[in-house]
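Below is one structure, written out as structure tokens, with a few remarks after it.
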Number of protein chains: 2
Amino acid sequence: MSHAQLAYRLLMGTKKISTEEKIKVAASKVFLKKGFSSARTRDIAEEADINIALLNYYFRSKQKLFDLVMYEKVQKLFGKISPIMRDNTTSLGKKIQLATTEYIDTLSETPGLAIFILNEVYKNNYDIVPNMKLARKATKSSLFKQVKEIRKDMDPFQLVVTLAGMIIFPFVAKPMLKLTANLSEKTFQKLMQERKVLIPIWMKAILKSKS
Amino acid sequence: MSHAQLAYRLLMGTKKISTEEKIKVAASKVFLKKGFSSARTRDIAEEADINIALLNYYFRSKQKLFDLVMYEKVQKLFGKISPIMRDNTTSLGKKIQLATTEYIDTLSETPGLAIFILNEVYKNNYDIVPNMKLARKATKSSLFKQVKEIRKDMDPFQLVVTLAGMIIFPFVAKPMLKLTANLSEKTFQKLMQERKVLIPIWMKAILKSKS
DNA sequence: GTCTATAAGGGGATAGAC
DNA sequence: GTCTATCCCCTTATAGAC
């Protein structure tokens with residue numbers, strides 16, 4: 001048993017970190033960093049401190065393990081926000097504020113999450129459709145109506161895309177931004193926190209803009 | 001000689017499409033679609049209608065060919081816009097309008113360009129720093145000063161990132177947007193054209209927003 | 001310059017011992 | 001359940017004929 005496992009057992013009682021869980025955590029980390037095609041099962045095995053045979057014993061193949069990780073990441077990204085967007089009792093302004101805060105927190109905590117999902121969907125390693133059915137209904141139902149109520153001349157799609165871009169883009173472009181603007185990790189994180197305040201203000205301004 | 005080559009020769013006179021050029025065009029296409037690690041030299045050779053040996057004869061290795069393609073793509077994305085941003089005689093509003101139009105045209109013409117560059121930089125297959133030196137100077141010099149003149153309480157970085165997000169994000173998220181909003185390619189392109197008008201209006205609204 | 005054939009090695013997956 | 005050893009395909013790159 002490793003030191004980490006021992007410490008964990010002492011803290012959590014008799015509960016043991018299952019090998020299956022160890023592999024999934026390691027896979028999460030490696031896939032997120034390298035993407036499907038650059039990640040090697042050997043990397044994952046090493047990260048999990050086991051061997052490749054064991055990986056195949058539990059998950060049958062690299063692809064199946066990837067599918068599992070991908071599903072969890074999509075849930076992580078859309079799980080919290082979907083019900084908020086569906087809720088008719090939450091105002092549009094409040095939704096914008098909640099989405100901004102929620103996403104910036106999630107993306108700050110998990111570097112690489114956004115570009116990972118976007119890229120894997122782009123490269124067709126993963127068919128995201130089944131997981132997106134809910135999100136699709138959500139935006140169509142409540143949110144779009146709310147936009148139309150405030151601005152019937154405005155395309156809700158364009159507005160939602162703009163909001164998503166404001167929130168997500170800096171995380172996707174993070175390495176480039178850090179290079180071009182010469183930012184430290186700490187400064188970057190501080191700037192992202194600032195955007196929690198800025199984005200709702202700016203969205204309000206957009207909603208009031210004359211077309 | 002292929003039909004395409006023959007037709008080209010007839011049009012352009014005696015000038016011949018060099019094998020080197022054929023390979024570079026094919027590599028461009030394959031790398032853009034699959035990324036460095038998923039692209040195989042065999043795919044490129046097939047696309048160029050030659051064999052792998054010839055690829056190595058001209059470019060020594062997959063990596064060297066990739067570096068070349070990457071350099072060209074970065075130029076394509078930043079080449080036109082950099083001098084505009086540097087120019088002191090162009091107003092901020094005009095710069096926003098030009099950047100919007102220019103980027104939307106480039107990204108519409110070359111599907112996958114944005115996510116390709118962002119992802120390869122993220123995955124560290126390419127050190128973009130040398131190419132970014134100019135762009136970095138550009139934004140720092142003229143553009144940032146212009147923002148400060150209009151709104152000295154506003155962080156130019158945040159504004160530029162927001163503009164970039166508005167323009168680039170929908171192209172990066174294209175497959176997901178098409179799925180979730182159930183858009184055809186034609187509808188997507190139409191929506192992107194609409195953004196040429198919307199984004200400058202919205203940026204104006206943001207610049208006038210009260211903090 | 002261009003081809004065929006092949007070397008050299010990487011990577012996913014499994015057999016079989018324990 | 002977990003390990004070692006190994007299989008076998010795929011991919012990059014090169015040798016050598018033409």
Side-chain angles (χ1 to χ4, degrees), chain A residues 1-6 8-9 14-70 120 123-126, chain B residues 1-6 8-9 14-70 120 123-126:
Chain A
M1 198 184 342
S2 72
H3 282 310
Q5 272 175 299
L6 189 62
Y8 189 87
R9 278 208 200 175
T14 54
K15 203 176 178 189
K16 162 177 164 208
I17 311 161
S18 72
T19 303
E20 193 173 346
E21 193 58 31
K22 256 199 325 188
I23 297 172
K24 234 160 72 175
V25 170
S28 232
K29 190 172 167 182
V30 175
F31 278 136
L32 215 61
K33 189 175 168 188
K34 303 199 174 187
F36 177 78
S37 50
S38 293
R40 300 175 313 154
T41 50
R42 286 168 162 82
D43 298 333
I44 296 170
E46 194 183 345
E47 178 75 34
D49 202 25
I50 50 102
N51 56 64
I52 316 174
L54 218 42
L55 187 153
N56 283 80
Y57 172 75
Y58 280 106
F59 299 97
R60 300 258 315 164
S61 74
K62 177 187 178 185
Q63 184 66 53
K64 283 199 169 42
L65 179 53
F66 176 81
D67 290 346
L68 225 64
V69 169
M70 189 61 168
E120 295 300 336
K123 299 301 191 305
N124 258 319
N125 286 318
Y126 185 75
Chain B
M1 202 182 337
S2 74
H3 282 311
Q5 273 176 297
L6 190 63
Y8 188 87
R9 278 208 202 178
T14 54
K15 202 176 178 189
K16 162 178 165 209
I17 311 162
S18 72
T19 303
E20 193 174 345
E21 193 60 29
K22 256 200 324 189
I23 297 173
K24 234 159 74 176
V25 170
S28 232
K29 190 171 167 183
V30 175
F31 278 135
L32 215 61
K33 190 175 169 189
K34 305 200 172 185
F36 176 77
S37 49
S38 292
R40 301 176 310 155
T41 50
R42 278 148 200 264
D43 299 332
I44 296 169
E46 195 183 343
E47 178 74 35
D49 202 26
I50 49 103
N51 56 61
I52 315 174
L54 218 42
L55 188 153
N56 283 80
Y57 172 76
Y58 280 106
F59 299 97
R60 300 256 315 162
S61 75
K62 179 187 176 183
Q63 185 66 54
K64 283 198 170 43
L65 179 53
F66 176 81
D67 290 346
L68 224 65
V69 169
M70 189 61 169
E120 296 299 337
K123 297 303 189 304
N124 258 319
N125 286 318
Y126 185 76

Sequence-aligned protein contact record of nucleotides 1-15 of chain D, with B where the base is within under 4.0 Å of a protein heavy atom and S where only the sugar-phosphate is: BBBB------BBSBB

Can you tell me the distance, in whole Å, between the NZ atom of A:Lys34 and the P atom of C:dG10? 14 Å

According to side-chain contact (heavy atoms from CB on, under 4.5 Å), who are the partners of B:Glu46, at least two apart in sequence or on a separate chain? none

Under the side-chain hydrogen bond (donor to acceptor under 3.5 Å, both in side chains) rule, collect the residues that match up with B:Thr19, sequence neighbours excluded. none

Pair listing, salt bridge (Lys or Arg N to Asp or Glu O under 4.0 Å) test, anchored in residues 25-35 of chain A, at least two apart: A:Lys29-A:Glu47, A:Lys34-A:Asp43

Mind checking what makes salt bridge (charged side-chain N to carboxylate O under 4.0 Å, His left out) contact with B:Lys62, not counting sequence neighbours? none

Sequence neighbours excluded, the answer for side-chain hydrogen bond (donor to acceptor under 3.5 Å, both in side chains) partners of B:Thr41 is none

